[in-house]
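Report on the following structure.
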Amino acid sequence: QVQLVESGGGLVQAGGSLRLSCAASGRAFGNYAMGWFRQAPGKEREFVASISWNGGRADYADSVKGRFTISRDNAKNTVYLRMNSLNPEDTAVYSCAARSTYFLSARASEYDYWGQGTQVTVSS
């Protein structure tokens, strides 16, 4: 069992930056690939970024590529999402997820554990 708690969300102006954190507790964090997903009001949940167990590989949605960076610190049991050049279309609840395998995935259905999410609001 893995518990995930996100933090770092908030209100930011367009063009600004935020860094989200996801702290994990429970079984060996290094055994899990991690992902970030987001859901805006009235929209389906969508993939944002994922990272392999050791941080050696990462994948991004086209909409955030070049602006967002996912990273992890296995010693701290934490995964991060650095978000730059934010725009109002990035407004959503951002959730982290853990997948019981070493390898990353963009499919929400392939993740086993989820956090509660943190709200990110970008004003124009």
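Every heavy atom of this structure was used, including side-chain atoms; hydrogens, water molecules and symmetry mates were not.
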Neighbour count >12 (heavy atoms, 6.0 Å) for atom NZ, Lys65: yes
Can you tell me how far the [atom1] atom of [X] sits from the [atom2] atom of [Y], to the nearest 0.5 Å?
{"X": "Leu11", "Y": "Leu18", "atom1": "CG", "atom2": "CG", "result": "9.0 Å"}
{"X": "Met34", "Y": "Asn77", "atom1": "CE", "atom2": "CG", "result": "9.5 Å"}
{"X": "Phe68", "Y": "Ser17", "atom1": "CZ", "atom2": "OG", "result": "9.5 Å"}
{"X": "Ile70", "Y": "Cys96", "atom1": "CD1", "atom2": "SG", "result": "9.0 Å"}
{"X": "Arg82", "Y": "Ser21", "atom1": "CZ", "atom2": "OG", "result": "10.5 Å"}
{"X": "Thr91", "Y": "Leu86", "atom1": "OG1", "atom2": "CG", "result": "8.5 Å"}

Is it true that a side-chain atom of [X] and a backbone atom of [Y] form a donor plus acceptor pair closer than 3.5 Å?
{"X": "Thr118", "Y": "Glu6", "result": "no"}
{"X": "Arg72", "Y": "Phe29", "result": "yes"}
{"X": "Asp112", "Y": "Ser100", "result": "yes"}
{"X": "Gln39", "Y": "Glu44", "result": "no"}
{"X": "Thr101", "Y": "Arg99", "result": "no"}
{"X": "Gln119", "Y": "Gly10", "result": "no"}

Which heavy atom of [X] sits nearest to which heavy atom of [Y], and what is that distance?
{"X": "Tyr111", "Y": "Ser50", "answer": "OH-CB, 3.4 Å"}
{"X": "Ser95", "Y": "Gly115", "answer": "OG-O, 4.2 Å"}
{"X": "Ser124", "Y": "Ala14", "answer": "CA-CB, 4.3 Å"}
{"X": "Val64", "Y": "Val48", "answer": "CG2-O, 3.5 Å"}

Connected via hydrophobic side-chain network under 4.5 Å: [X] and [Y]:
{"X": "Val122", "Y": "Leu81", "value": "yes"}
{"X": "Phe37", "Y": "Val79", "value": "no"}
{"X": "Val120", "Y": "Tyr80", "value": "no"}

Output, in order, the C-alpha distance, side-chain angles, deciding distance and verdict of side chain to side chain contact (heavy atoms under 4.5 Å, CB included) for Tyr113 and Gln1. CA-CA 8 Å; Tyr113 304 100; Gln1 191 78 8; 3.7 Å; yes
Does the side chain of [Y] come within less than 4.5 Å of [X]'s, by heavy atoms?
{"X": "Trp36", "Y": "Cys22", "result": "yes"}
{"X": "Met83", "Y": "Leu20", "result": "yes"}
{"X": "Leu4", "Y": "Trp114", "result": "no"}
{"X": "Arg107", "Y": "Phe47", "result": "no"}

Would you tell me whether Ser123 and Gln13 have side-chain atoms, one donor and one acceptor, within less than 3.5 Å of each other? no
Inter- and intrachain pairs under salt bridge (charged side-chain N to carboxylate O under 4.0 Å, His left out), touching residues 30-40, at least two apart: Arg38-Glu46, Arg38-Asp90
Remaining members of hydrophobic cluster (4.5 Å side-chain criterion), Tyr102: Trp53, Phe103
Please lay out, stage by stage, how Ser52 and Asn54 fare under the test side-chain hydrogen bond (donor to acceptor under 3.5 Å, both in side chains). CA-CA 6 Å; Ser52 61; Asn54 63 352; 3.3 Å; yes
Compute both the distance and the angle, then confirm whether Arg67 meets the cation-pi test with Tyr60: under 6.0 Å from the six-membered ring centre, within 45 degrees of the axis. no
